[in-house]
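Heads up: the structure comes next, in structure tokens.
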Amino acid sequence: MTLHGLLSEEVVDQKEFLARADTLSALGLSVLISNHGPYYQLVENLSRYTQNRIGIALGIPALGHVMDEKHYRNLSGGGLEAIGRLFAQHVRVYMYPYLDPKTNQLVTAETLEVAPRWRHLYAFLRENRYVEPVRNYTGQYLSIDGDEVLRQIQAGEPAWENAVPPKVARIIKQERLFGWKEG
């Protein structure tokens with residue numbers, strides 16, 4: 001998780017940000033919090049502390065942000081430089097599939113359609129296994145929309161409890177996280 005949004009023009013509530021880390025931690029998951037924006041900066045920092053491979057798990061929609069030129073205006077080589085810096089340290093990106101809510105089609109690392117200008121580079125990354133699909137996933141989770149779950153929590157609609165683990169639901173209620181309102 002990155003603090004970058006807290007330091008930029010995006011509006012991110014600090015308490016909500018920390019609550020996300022706490023709920024993941026309560027599930028027994030490790031949480032790394034950084035202040036890096038682009039992924040290549042995170043990789044460059046982590047590379048100072050390990051010679052081992054670095055793996056980054058991304059959802060398919062996050063790849064759109066990686067390939068968005070607006071994030072790289074400060075680099076003379078733009079997006080191409082950022083991609084080069086990201087994968088220079090033996091990094092592997094694991095792409096979690098996405099269920100497109102508009103088409104109800106499953107989008108995976110193999111079926112993802114990228115912008116024409118990135119097509120050959122993406123094919124290179126796939127062929128050389130810099131980008132790998134996540135194959136072991138729970139299909140029923142793909143239809144969960146985090147923004148909709150947050151809206152339900154804040155509106156006091158009980159349906160959100162079916163979208164999170166019971167332990168997380170208890171924590172949200174006990175701590176009144178994410179603007180939870182009793183229904």
Gap separating the [atom1] atom of [X] from the [atom2] atom of [Y], nearest 0.5 angstrom:
X: Ile153; Y: Lys173; atom1: CD1; atom2: NZ; value: 10.5 Å
X: Asn162; Y: Gln152; atom1: CG; atom2: CD; value: 9.0 Å
X: Ile83; Y: Tyr130; atom1: CD1; atom2: OH; value: 12.5 Å
X: Lys167; Y: Thr23; atom1: NZ; atom2: OG1; value: 11.0 Å
X: Leu46; Y: Asn52; atom1: CG; atom2: CG; value: 11.5 Å
X: Leu142; Y: Tyr96; atom1: CG; atom2: OH; value: 5.5 Å

If we ignore hydrogens and angles and just use 3.5 Å, is the side chain of [X] paired with the main-chain N or O of [Y] as donor and acceptor?
X: Gln154; Y: Lys181; value: no
X: Tyr122; Y: Ala109; value: yes
X: Arg85; Y: Gln41; value: no

Of all heavy-atom pairs between [X] and [Y], which one has the smallest distance, and what is that distance?
X: Pro97; Y: Val134; value: CD-O, 3.9 Å
X: Ala21; Y: Val31; value: O-CG2, 3.8 Å
X: Val43; Y: Ile54; value: O-CD1, 4.0 Å
X: Ile60; Y: Met95; value: CA-CE, 3.7 Å
X: His90; Y: Arg53; value: O-NH1, 3.3 Å
X: Arg126; Y: Val131; value: NH1-O, 2.9 Å

Evaluate the side-chain proximity of [Y] to [X]: yes if any heavy-atom separation is below 4.5 Å, no if none is.
X: Tyr40; Y: Leu75; answer: yes
X: Pro165; Y: Leu27; answer: yes
X: Phe87; Y: Asn128; answer: no

[X]-[Y] co-clustered via ILVMFWY side chain contacts under 4.5 Å:
X: Leu106; Y: Tyr141; value: no
X: Tyr94; Y: Leu63; value: no
X: Phe124; Y: Leu58; value: yes
X: Val149; Y: Leu99; value: no
X: Tyr137; Y: Leu112; value: no

Q.
Looking at Leu80, I want to see if its CG is surrounded by more than 12 non-hydrogen atoms of other residues, nucleotides or ligands under 6.0 Å.
A. no
Q.
Tell me every residue that passes salt bridge (Lys or Arg N to Asp or Glu O under 4.0 Å) with Arg135, counting only those two or more places apart in sequence or in another chain.
A. Glu110
(Q) So, using salt bridge (Lys or Arg N to Asp or Glu O under 4.0 Å) as the criterion, who are the partners of Arg151 when residues are at least two apart? (A) Glu148, Glu157
(Q) Which residues end up grouped with Tyr49 if you chain together Ile, Leu, Val, Met, Phe, Trp and Tyr wherever their side-chain heavy atoms are less than 4.5 Å apart? (A) none
Q: Assess whether side-chain contact (heavy atoms from CB on, under 4.5 Å) is satisfied between Glu175 and Trp180, documenting all intermediate values.
A: CA-CA 9 Å; Glu175 302 295 324; Trp180 176 73; over 6 Å; no
